[in-house]
J.: 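Before we start, here is the structure in question, set down as structure tokens.
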Amino acid sequence: GENVEQHPSTLSVQEGDSAVIKCTYSDSASNYFPWYKQELGKRPQLIIDIRSNVGEKKDQRIAVTLNKTAKHFSLHITETQPEDSAVYFCAASRRAGFGNEKLTFGTGTRLTIIP
Amino acid sequence: KAGVTQTPRYLIKTRGQQVTLSCSPISGHRSVSWYQQTPGQGLQFLFEYFSETQRNKGNFPGRFSGRQFSNSRSEMNVSTLELGDSALYLCASSWGTSGTFIETQYFGPGTRLLVL
């Protein structure tokens with residue numbers, strides 16, 4: 001089955017600097033890659049996702065890049081702010097016929113923004 | 001539009017008991033997936049339901065089961081609880097329609113289960 005590895009497990013960044021989190025996946029058929037942000041005691045919230053038919057997607061300060069050949073994708077947060085402090089999870093999935101709504105998650109990155 | 005809701009939010013049970021958790025998806029969503037979140041194992045897929053049918057199942061023992069009703073609401077049941085079942089149980093809903101890519105999943109707040 002799919003295996004998703006996520007690095008680093010913890011990341012501390014000075015406010016205003018950029019943060020990058022990287023994930024690799026094993027299943028070459030995976031074609032959907034979401035990123036979730038989970039604040040302490042709260043539900044995972046989708047912040048951005050990318051499908052395999054594009055190589056990059058951006059939404060304000062957040063961007064995701066996908067390298068299908070190398071089977072890795074990355075989350076980039078620019079101009080970090082204290083409210084960006086949270087645990088970030090990457091995930092991967094493929095559609096094997098109709099259905100199979102299953103996400104395989106990375107182990108998470110605890111991002112701390114230092115004021 | 002209301003988000004995914006889960007009840008109860010917190011539960012304390014003892015070993016050997018059973019528990020039922022409930023999830024109400026976003027209106028119009030027909031797919032409900034369940035995940036277990038623990039500090040040691042992270043987020044792990046339990047199963048997914050669409051139109052009252054289980055379409056996909058993760059690597060969990062048979063003590064974990066679920067079902068989905070005609071209104072897309074879903075329940076999961078854990079029988080003969082073990083200490084290791086203590087976790088945050090999250091459900092996520094999506095449209096679940098056919099296509100090349102799976103649909104975006106939106107998570108509920110979770111049910112925190114503590115087994116003593």
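Values below: every heavy atom of this structure, side chains too, minus hydrogens, waters and symmetry copies. Order of the sequence lines fixes the chain letters, A, B, ..., with proteins taken first and strands second; residue numbering starts at 1 for each chain.
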J.: Do the non-hydrogen side-chain atoms of A:Lys42 and B:Phe107 ever get within less than 4.5 Å of each other?
T.: no
J.: So for B:Leu43, is it side chain, backbone, both, or neither that comes closer than 4.5 Å to the heavy atoms of chain A?
T.: both
J.: Are B:Leu90 and B:Leu81 grouped together when hydrophobic residues (ILVMFWY) are joined by side-chain heavy atoms under 4.5 angstrom apart?
T.: no
J.: Kindly check if the number of other-residue, nucleotide or ligand heavy atoms within 6.0 Å of CD (A:Glu79) is above 12?
T.: no
J.: On a heavy-atom basis, which atom in A:Arg43 and which in B:Gly108 lie closest, and how many Å separate them?
T.: CB-O, 3.1 Å
J.: Around A:Leu40, counting heavy atoms of other residues, nucleotides and ligands shown, do more than 12 lie under 6.0 Å from its CG?
T.: no
J.: First locate atom CD of A:Gln38, then atom CG of B:Leu88, and finally report the distance between them rounded to the nearest 0.5 Å.
T.: 7.0 Å
J.: Which heavy-atom pair separates B:Tyr35 from A:Leu103 by the least distance, and what is that distance?
T.: OH-N, 3.2 Å
J.: Let me know if A:Pro34 has heavy atoms under 4.5 Å from chain B in its side chain, its backbone, both or neither.
T.: neither
J.: Please state whether the side chain, the backbone, both or neither of A:Ser52 comes within less than 4.5 Å of a heavy atom of chain B.
T.: both
J.: Within this structure, what is the CG-OG1 distance for the pair A:Leu46 and B:Thr104, rounded to the nearest 0.5 Å?
T.: 6.0 Å
J.: Run the side chain to side chain contact (heavy atoms under 4.5 Å, CB included) check on A:Phe89 and B:Gln37 step by step: do they pass?
T.: CA-CA 12 Å; A:Phe89 292 95; B:Gln37 185 175 27; 3.5 Å; yes
J.: Are more than 12 heavy atoms, taken from residues, nucleotides or ligands other than B:Tyr106, located less than 6.0 Å from that residue's OH atom?
T.: no
J.: Looking at side-chain heavy atoms only, is the closest gap between B:Gln105 and A:Tyr32 below 4.5 Å?
T.: no
